[in-house]
Every structure is written in structure tokens, then in C-alpha cells.
A.B. asks: 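There's a structure below that I have some questions on.
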Amino acid sequence: MNILFMGPPGAGKGTQAERIVDEFRVPHISTGDVFRAAMREGTPMGIEAKKYVDQGLYVTDEITNGIVKERLEQPDCAGGFLLDGYPRTIAQAEALDEMLAAMGKRIHHVIDLKVDRNLLLGRLTGRRICKSCGSTYHVLFNPPKTEGVCDKCSGELYQRSDDSEEKVGTRLDEYTTKTAPLLEYYGQKDLVRSVDGEQDIDKVTADISSLLRGKA
Ligand code: ADP
Ligand code: ADP
Ligand code: ZN
């Protein structure tokens, strides 16, 4: 099954993706995770991406499309994939359609996580990520058992530098102007299914799972 997760920053895409890939046994492809890994390693692509990510702006379509194309060609994507945070522009969506057509594939489901804008700032500033395994927590809404330590791998938790109050506004504006129009793009293909992302984490997972299983 080939799945896209859409929704503004903080909607819960990464949190839900971690759970859904366990259930559906497909690789989780997060362009944000790919950029952060490349930035950490200081690769040429990472150095270029950092210029944008640090400002809360989208990385160029050219770089982003190149990463996704390379990733989708890996053998583990043969049986399906979950794309989290890609595409985010119409140009990326068009590029994705071309890549998939060339591989004889298509998107089966677009899950749109709906969360009111006024809840997103609190979600993003309270977000903590594991340095070792990338698991996502929240200081209030999904705290680890021991403060600052990952439940799954005992890794150290950190706060993303772009999760600061000043960057969040820019990131939400990028989403509104460039990504929200994609709902229309995929809506025309009748692929979009909306999920109430303001519910408990477990309830959101259950709703997504039902939709993907064709039970809702
Ligand atoms: P995204 O990948 O869409 O940016 P995340 O999955 O990283 O979003 O979630 C953003 C923050 O909100 C994280 O700290 C996460 O723990 C928290 N969160 C995710 N889903 C919920 C939810 N349903 N209710 C409350 N907090 C949530
Ligand atoms: P969130 O879901 O909280 O917005 P991500 O981890 O998905 O965060 O993305 C972090 C940053 O990586 C974005 O703010 C942007 O700079 C860059 N990025 C991720 N995905 C894309 C994309 N599809 N197109 C352009 N930039 C992207
Ligand atoms: Zn961990």
C-alpha cells in the first residue's frame, strides 16, 4: 500500500507514521528526517538543506524530489511505502506522479490530519525527539517515562532548533501557502481522507488504520 500523510507541522504525522508502519509493514519515508540526518552528517546536500530548514522555509523542490526518487527506488519500497511530509508543493506532487508512473505505481491513500492552528504552537514547542532512534515525544501530551530519556532505546531526547516559537510562524505560513493547495490536487483524484488529529494519539491511530483497511 502506497500512503501519503499530510497535515501542518505538529499535526501528528511522524507520531502516527511510527505506529502505522509497524502495523502495515511498509517503510516510513520522512523527508524532514532525511534532511536532519544529512545536516548532522554535514553532507553537501545537508549543508544546502540547512540554509532553508534553519529558517523554517521549504527546501527546494529539486533537492527534495531527488531524495525521494532515490529512496522510492530502493527494494524495500517494492511492497509499499508511507511518505510523511512529502509532497509539500504542487511541483513536488507532479514530480511524484511522474516517478510513480515510471515505476508502474500509484498513491492509494492520502491521509490528511486535521488540527486547529491554535493547537500547533504548543505541540511543536513541547516536542522532543530521540537522538538515537528518532522517536517523538511531547513534554505534556506524550511524555517519556523518564524525563529526557527515550522509552524505546534509552537515547537522549532533544528539541529541534526549528521548533522554536519564532520559526513556527514561518513554517505554518509555508504550509498554508504551498501545501494546503495539495488537498485540492489530491481531492480531485478522490484520494483524500481526513482524520481528526485533535483526538488522543491512540484514537487517531485507530481511525487511520480503519481508513487504510477500508473499514471507515
Ligand atoms: P508532525 O510530524 O506532523 O510535525 P509530530 O508527530 O511530531 O507532528 O507531533 C508533534 C508533537 O505533538 C509531538 O510532540 C507529539 O508528541 C505531539 N502529538 C502528536 N499527536 C498528538 C495528539 N493526538 N495529541 C497530543 N499531542 C500529540
Ligand atoms: P514538520 O512536519 O514538523 O513540519 P518535518 O520534520 O517534516 O517537520 O520537516 C522539517 C523541515 O524540513 C521543514 O520545515 C522543511 O524545511 C524541510 N522539509 C521537509 N519536507 C520537505 C518537503 N517535502 N519540501 C521542502 N522542504 C521540506
Ligand atoms: Zn530512542
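Counting starts at 1 for both ligands and their atoms, in listed order. Model, not experiment: these values are computed from the prediction.
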A.B. asks: Which one of Gln159, His138, Glu147 satisfies the side-chain contact (heavy atoms from CB on, under 4.5 Å) criterion with Arg128?
C.D. replies: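 So, applying the side-chain contact (heavy atoms from CB on, under 4.5 Å) to Arg128 and each of Gln159, His138, Glu147, only Gln159 qualifies.
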A.B. asks: Name the one of Val68, Ile3, Asn2, Val26 that satisfies side-chain contact (heavy atoms from CB on, under 4.5 Å) with Leu83?
C.D. replies: Val68
A.B. asks: Do Arg193 and Tyr186 form a cation-pi contact, if we require the NZ or CZ to be under 6.0 Å from the six-membered ring centre and within 45 degrees of the ring's axis?
C.D. replies: no
A.B. asks: Closer than 4.0 angstrom, basic N to acidic O: yes or no for Asp116 and Arg123?
C.D. replies: no
A.B. asks: Once salt bridge (charged side-chain N to carboxylate O under 4.0 Å, His left out) is applied, what residue pairs with a partner in residues 3-17 remain, sequence neighbours excluded?
C.D. replies: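 Found none.
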A.B. asks: If you count the atoms of ligand 1 from 1 in the order shown, which ones are under 4.0 Å from a heavy atom of Gly197?
C.D. replies: 23 (N)
A.B. asks: Against ligand 1, does Gln16 come closer than 4.0 Å with any heavy atom?
C.D. replies: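 For ligand 1, residue contact (heavy atoms, under 4.0 Å) with Gln16 is absent.
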A.B. asks: Run the numbers for me: atoms of ligand 1, each under 4.0 Å from some heavy atom of Phe141, listed by number.
C.D. replies: 25 (C), 26 (N)
A.B. asks: Is it the case that the side chains of Thr64 and Tyr58 hold a donor-acceptor pair, with the cut-off being a distance below 3.5 Å and no angle test?
C.D. replies: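 Tyr58 vs Thr64: no donor-acceptor pair found between side chains.
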A.B. asks: Salt-bridged, Arg19 to Asp22, with N to O below 4.0 Å?
C.D. replies: no
A.B. asks: Within the side chain of Glu165, is there an N or O that forms a donor-acceptor pair under 3.5 Å with the backbone of Leu121?
C.D. replies: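 No, the answer is negative, given that no donor and acceptor are paired below the 3.5 Å cut-off.
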A.B. asks: Looking at ligand 1, does any of its N/O atoms fall within less than 3.5 Å of an N/O of Glu198?
C.D. replies: no
A.B. asks: Counting only nitrogen or oxygen atoms and a 3.5 angstrom limit, does Asp200 reach ligand 1?
C.D. replies: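 No, no N or O pair falls under 3.5 Å.
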A.B. asks: Considering residues, nucleotides and ligands other than Lys69, do more than 12 of their heavy atoms fall under 6.0 Å from its NZ?
C.D. replies: no
A.B. asks: N or O contacts of ligand 2 with protein under 3.5 Å, please list pair by pair.
C.D. replies:
residue, atom, partner, partner atom, Å
ligand 2, 2 (O), Lys13, NZ, 3.0
ligand 2, 3 (O), Arg127, NH2, 2.9
ligand 2, 3 (O), Arg171, NH2, 2.8
ligand 2, 4 (O), Arg88, NH1, 3.3
ligand 2, 4 (O), Arg171, NH2, 3.4
ligand 2, 6 (O), Arg36, NH1, 2.8
ligand 2, 6 (O), Arg36, NH2, 3.0
ligand 2, 6 (O), Arg160, NH1, 3.1
ligand 2, 6 (O), Arg160, NH2, 3.4
ligand 2, 7 (O), Arg88, NH2, 2.4
ligand 2, 8 (O), Arg160, NH2, 3.1
ligand 2, 16 (O), Leu57, O, 2.7
ligand 2, 20 (N), Thr31, OG1, 2.8
ligand 2, 20 (N), Gly85, O, 3.4
ligand 2, 20 (N), Arg88, NE, 3.4
ligand 2, 23 (N), Gly85, O, 2.9
ligand 2, 23 (N), Gln92, OE1, 3.0
ligand 2, 24 (N), Gln92, NE2, 2.9
ligand 2, 26 (N), Val59, N, 3.0

A.B. asks: So does Glu98 have more than 12 non-hydrogen atoms from other groups sitting under 6.0 Å from CD?
C.D. replies: no
A.B. asks: Quick one, Asp163 with Lys167, criterion salt bridge (charged side-chain N to carboxylate O under 4.0 Å, His left out). Give me CA distance, side-chain angles, the key distance, then yes/no.
C.D. replies: CA-CA 7 Å; Asp163 276 345; Lys167 304 285 168 62; over 6 Å; no
A.B. asks: Would you give me the side-chain donor-acceptor pairs under 3.5 Å for residues 130-137, sequence neighbours excluded?
C.D. replies:
residue, atom, partner, partner atom, Å
Lys131, NZ, Glu156, OE2, 3.4
Ser135, OG, Lys152, NZ, 3.3
Tyr137, OH, Asp151, N, 2.9

A.B. asks: If you draw a sphere of radius 2.8 Å around the Zn ion (ligand 3), how many protein N/O/S atoms end up strictly inside it?
C.D. replies: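 The number of such protein atoms is 4.
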